[in-house]
Amino acid sequence: MRIVLLGAPGSGKGTQAAILKDQMGIPHISTGDLLRGAVKAGTELGKQAEAIMARGDLVSDEIMLGIIRSRLGEDDAQNGFILDGYPRNLVQAKALDGVLEELEFPVEEAIQIDVDHEGIVERLAKRAELEGRADDDADAVRHRLNVYEEQTAPVIDYYGDQGKLSQVYGVGSIEEISARILGVLRIAGQERS
Ligand code: B4P
């Protein structure tokens with residue numbers, strides 16, 4: 001199955017994608033993880049992306065398209081994938097459709113994990129203490145939420161208009177939210193949310 005996970009920063013996309021990956025046996029492709037890996041490895045891409053990410057801004061659409069096109073072309077993505085963090089604006093959503101058309105496999109399901117902004121600020125403050133991620137600093141989080149509302153929220157309607165969107169309430173235990181997602185995906189043994 002080819003799934004796109006949508007939701008504000010800190011809504012639990014990365015957390016849920018890791019669980020879905022194990023349940024469904026398809027790769028979890030996180031553009032945030034790919035970028036953080038490039039920063040850690042000190043590649044040219046990592047050097048370009050580091051300051052942009054720390055501010056909470058989006059890395060350029062052109063760079064992101066190159067990354068995603070190459071990742072989706074890898075062998076393990078041919079039987080499905082869970083995309084986490086891409087697309088993040090309408091340009092990326094249309095670019096993704098273009099890449100998937102070339103590969104002849106369109107997105108099948110888009111799932112939005114819905115958490116209020118207050119809950120997100122709390123979660124990311126906790127993660128800032130635990131992991132010290134530069135973009136979890138309070139000012140950067142506020143900026144990321146603004147970027148999300150302006151640029152990423154329209155992507156929700158993009159998939160809604162294609163009849164591919166499901167929304168899942170993202171507050172509760174991690175297990176409860178996984179069960180809601182698996183229900184939406186109609187994976188056997190799980191209740192619908
Ligand atoms: P991401 O890595 O995608 O960061 P994110 O949106 O914060 O999601 P993340 O996966 O970390 O959070 P999650 O919801 O899992 O992006 C980072 C940066 O990379 C961007 O700001 C941008 O600069 C750049 N970037 C990435 N993709 C890009 C693109 N396509 N275009 C341009 N730039 C791009 O988890 C958050 C926290 O909540 C965790 O600590 C988790 O433990 C906790 N949590 C999860 N579920 C919970 C629950 N049910 N209850 C309580 N806490 C929970």
Side-chain angles (χ1 to χ4, degrees), residues 4-21 28-40 45-72 81-97 99 107 110-155 158 168-181 193:
V4 167
L5 277 187
L6 302 168
S11 57
K13 301 183 299 290
T15 306
Q16 294 300 331
I19 295 170
L20 285 179
K21 170 190 169 196
H28 165 202
I29 300 177
S30 158
T31 44
D33 286 350
L34 291 170
L35 288 169
R36 280 185 289 276
V39 170
K40 207 166 163 198
L45 163 67
K47 285 180 196 149
Q48 285 179 40
E50 188 168 16
I52 301 171
M53 292 172 77
R55 288 198 299 272
D57 280 323
L58 296 183
V59 173
S60 85
D61 293 334
E62 203 186 343
I63 290 178
M64 295 313 300
L65 180 59
I67 292 176
I68 211 73
R69 188 198 296 277
S70 126
R71 182 65 187 88
L72 291 176
F81 49 78
I82 304 144
L83 262 187
D84 157 17
Y86 194 95
R88 252 183 162 89
N89 59 30
L90 285 175
V91 171
Q92 293 185 5
K94 289 175 190 161
L96 176 64
D97 278 354
V99 170
V107 167
I111 298 178
Q112 182 208 352
I113 306 179
D114 188 21
V115 180
D116 61 89
H117 286 193
E118 220 170 282
I120 283 171
V121 170
E122 265 174 44
R123 280 184 192 183
L124 294 183
K126 211 177 280 173
R127 188 169 69 183
E129 276 175 31
L130 292 173
E131 295 178 22
R133 238 172 82 172
D135 61 346
D136 285 341
D137 152 89
D139 285 342
V141 167
R142 262 190 301 275
H143 184 60
R144 285 160 69 196
L145 288 170
N146 288 337
V147 169
Y148 174 78
E149 285 305 330
E150 281 169 19
Q151 301 200 41
T152 312
V155 175
Y158 180 81
V168 159
Y169 182 48
V171 177
S173 71
I174 287 170
E175 295 74 21
E176 281 167 344
I177 296 157
S178 304
R180 288 173 200 153
I181 295 176
S193 64

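We count ligands from 1, going down the list as the structure has it; atoms in each ligand are counted the same way. Owing to the predicted nature of the structure, the values given are computational and were not obtained by experimental measurement.
In this structure a side-chain-to-backbone donor-acceptor pair under 3.5 Å is missing from Lys13 to Leu5. Gln16 places a side-chain N or O within donor-acceptor distance of the main-chain N or O of Ile174, the cut-off being under 3.5 Å. In this structure, the side chain of Thr152 engages the main chain of Arg88 through a donor-acceptor pair within 3.5 Å. With hydrogens and angles disregarded, a donor-acceptor distance shorter than 3.5 Å links the side chain of Arg123 to the backbone of Gly10. Not one N or O on the side chain of Glu50 forms a donor-acceptor pair closer than 3.5 Å with the backbone of Gly46.
Checked for salt-bridge contact, Asp135 and Arg127 miss the test: no charged N lies under 4.0 Å from a carboxylate O. Using a cutoff of 4.0 Å between basic side-chain nitrogens and carboxylate oxygens, Asp33 and Arg36 are scored as salt-bridged.
In terms of heavy atoms, Gly85 sits closest to Thr31 at O-OG1, 3.1 Å. Residues Ala140 and Ala54 approach most closely at CB-O, 3.6 Å, considering heavy atoms. Contact between Ser173 and Glu176 at its shortest, heavy atoms only, is N-OE1, 2.9 Å. Residues Pro154 and Glu149 share a closest heavy-atom pair of CD-O, 4.0 Å. Taking both residues in full, the closest heavy atoms of Ala8 and Leu145 are given as CB-CD2, 4.1 Å, listed atom of the first, atom of the second, then distance. Across every non-hydrogen atom of Ala110 and Leu6, the tightest pair is CB-CD1, 4.3 Å.
Counting heavy atoms closer than 4.0 Å to ligand 1, residue Asp57 contributes backbone atoms (N, CA, C, O) but none from C-beta onward. The proximity of Ile113 to ligand 1, defined as any non-hydrogen pair under 4.0 Å, does not occur for either the backbone or the side chain. The side chain of Arg36, and not its backbone, has at least one atom closer than 4.0 Å to an atom of ligand 1 (non-hydrogen atoms only; side chain from C-beta on). Here Glu131 has no heavy atoms under 4.0 Å from ligand 1, in either its backbone or its side chain.
Near Ile177, the atoms of ligand 1 lying under 4.0 angstrom from a non-hydrogen atom of the residue are 49 (N). The contact set between ligand 1 and Pro9, taken as ligand atoms under 4.0 Å from a residue heavy atom, comprises 5 (P), 6 (O), 7 (O).
Protein heavy atom at the shortest distance from atom 8 (O) of ligand 1 is Lys13 NZ, 3.8 Å. Counting only heavy atoms of the protein, atom 21 (O) of ligand 1 lies nearest to Arg144 NE, 4.0 Å. Scanning the protein heavy atoms around atom 48 (C) of ligand 1, the nearest turns out to be Arg123 NH2, 3.3 Å. Ranking the protein heavy atoms by distance from atom 14 (O) of ligand 1 puts Gly12 N, 2.4 Å first. The closest protein non-hydrogen atom to atom 41 (C) of ligand 1 is Thr15 OG1, 3.6 Å. Nearest to atom 15 (O) of ligand 1 among the protein's heavy atoms is Gly14 N, 2.8 Å. In this structure, the protein non-hydrogen atom closest to atom 31 (N) of ligand 1 is Gln92 NE2, 2.9 Å. Of the protein's non-hydrogen atoms, the one nearest atom 33 (N) of ligand 1 is Val59 N, 3.1 Å.
Among the atoms of Ser11, some N or O lies under 3.5 angstrom from an N or O of ligand 1. Considering backbone and side-chain N/O of Ile52, none are found under 3.5 Å from N/O of ligand 1. Taking distance alone, with nitrogen or oxygen atoms compared against 3.5 Å, Arg88 approaches ligand 1 more closely than that limit. Residue-to-ligand polar distances keep Tyr86 apart from ligand 1: every N/O pair is separated by 3.5 Å or more. Between Leu35 and ligand 1, a contact under 3.5 Å exists for no N or O pair. Between Gly170 and ligand 1, no pair of N/O atoms sits closer than 3.5 Å. For ligand 1, the polar-atom distance check finds an N/O of Thr31 within less than 3.5 Å of one of the ligand's N/O atoms. Checked against a 3.5 angstrom limit, the closest N/O atoms of Leu58 and ligand 1 fall outside it. Between Ser30 and ligand 1, no pair of N/O atoms sits closer than 3.5 Å.
Under a 4.0 angstrom heavy-atom cut-off, Arg133 registers as being in contact with ligand 1. Between Gln16 and ligand 1 there is no heavy-atom distance shorter than 4.0 Å. Taking 4.0 Å as the cut-off, Gly172 counts as a neighbour of ligand 1 on heavy-atom distance.
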Report the C-alpha separation of Leu65 and Val91 in whole Å, then their side-chain angles, then the decisive distance to 0.1 Å, and conclude whether the side chain to side chain contact (heavy atoms under 4.5 Å, CB included) test is met. CA-CA 10 Å; Leu65 180 59; Val91 171; over 6 Å; no

Going through the checks in order, is the salt bridge (Lys or Arg N to Asp or Glu O under 4.0 Å) test met by Asp139 and Arg142? CA-CA 5 Å; Asp139 285 342; Arg142 262 190 301 275; 2.6 Å; yes

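Of the candidates Met53, Arg127, Met64, the one placing a heavy atom closest to atom 35 (O) of ligand 1 is Arg127.
No donor-acceptor contact under 3.5 angstrom links the side chains of Tyr148 and Asn89, judged on distance only.
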